[in-house]
Amino acid sequence: MRYDLIIFDNDGVLVDSEPISNRHLAAYLTELGHPTSYEDSIRDYMGSAMHRIHELVLERRGQRLPDDFDDVFHARVFAAFERELAPVAGVADVLEKLATDGVPYCVASSGSHARIRVGHRTTGLGRWFPEERIFSSEDVGRGKPAPDLFLHAARRMGVAPERCVVVEDSPLGVRAAVAAGMDVCGFTAMTPAAKLSGADQLFGAMGELLDLLI
């Protein structure tokens, strides 16, 4: 392997959660009087930590979201995960290969620890991610596009940033990885390649990823 650590984003990379969560986010924001389409949500919020949603709504609308916004949103999304969530096609094979070959990897997600764990439990990916391989924006002061989360994950895993590669599907995540001094493989399954132009390499199917890491 070219790298000493593979850092996976979670939503849209490990679990196929972006369509579900952005559908519910758009609906809830609209319900609260902030008209938002599914396409708006993907464009503005995909890859964001929750605090960024609050900040953008306040900046654009001059209004604060309700104090219980995060709790209500997560309850709706988690219920939908239980019904609908699936792993990203082919990612189980990638994880199995990395684990078999002893290649260090982890997940670093803008989502909360609870969201990560619900997704992994529902999809069966939890077997590859013990506690010490899970990192959330909750662990640091600033979420993506700040580099803090990826640097935190590398530090905890004992690997220098320049020896890490991040697998990301959002522009915010790509910006965060570049700011951290890490290489980036941009996953274009949901995001147009042009929006991930800062990535070192692009791929459209999980079956292509391992070849990019060698």
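Computed from a predicted structure; not experimentally measured.
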If you draw the axis of the six-membered ring of Y28, does the NZ or CZ of R76 fall within 45° of it and under 6.0 Å from the ring centre? yes
Quick one: do D101 and K97 make a salt bridge, cutoff under 4.0 Å? yes
Who pairs with D9 by side-chain hydrogen bond (donor to acceptor under 3.5 Å, both in side chains), at least two apart in sequence or on another chain? K144
Is a salt bridge present between E84 and R23, judged by a nitrogen-to-oxygen distance below 4.0 Å? yes
Where the side chain of S41 meets the backbone of Y38, is there a donor-acceptor pair that is under 3.5 Å apart? no
Strictly by modelled atom types, are R117 and S112 linked by a side-chain donor-acceptor pair under 3.5 Å? no
Going by distance alone, is a donor N or O of one side chain under 3.5 Å from an acceptor N or O of the other, for N10 and S109? no
Looking at CZ of F135 and CD1 of I116, how far apart are the two atoms once the value is rounded to the nearest 0.5 Å? 10.0 Å
State whether the side chain of E208 and the backbone N or O of G204 hold a donor-acceptor pair below 3.5 Å, judged by distance alone. yes
Taking the basic N atoms (NZ, or NE/NH1/NH2) and the acidic carboxylate oxygens, is any pair closer than 4.0 Å for R115 and E138? no
Between CG of D211 and CZ of F203, what distance do you get to the nearest 0.5 Å? 11.5 Å
Once rounded to the nearest 0.5 Å, what's the spacing between atom NE2 of H152 and atom CD1 of I7? 10.5 Å
List the atom of A80, the atom of I20, and the distance in Å for their closest heavy-atom pair. CB-CG2, 3.6 Å
Which side-chain hydrogen bond (donor to acceptor under 3.5 Å, both in side chains) pairs, counting each pair once, include a residue from residues 176-198, with sequence neighbours left out? Y3-D183
So, for D148 and R142, which heavy atoms are closest and what is the spacing to 0.1 Å? OD1-NH2, 3.0 Å
Do R52 and E59 meet the salt-bridge criterion of a basic N to acidic O distance under 4.0 Å? no
Has D68 got more than 12 heavy atoms of other residues, nucleotides or ligands less than 6.0 Å from its CG? yes
Residue pair Y105 / L213, side-chain heavy-atom distance below 4.5 Å: no
CZ/R121: more than 12 non-hydrogen atoms of other groups inside 6.0 Å: yes
Counting only heavy atoms not in R64 (residues, nucleotides, ligands), do more than 12 fall under 6.0 Å from its CZ? no
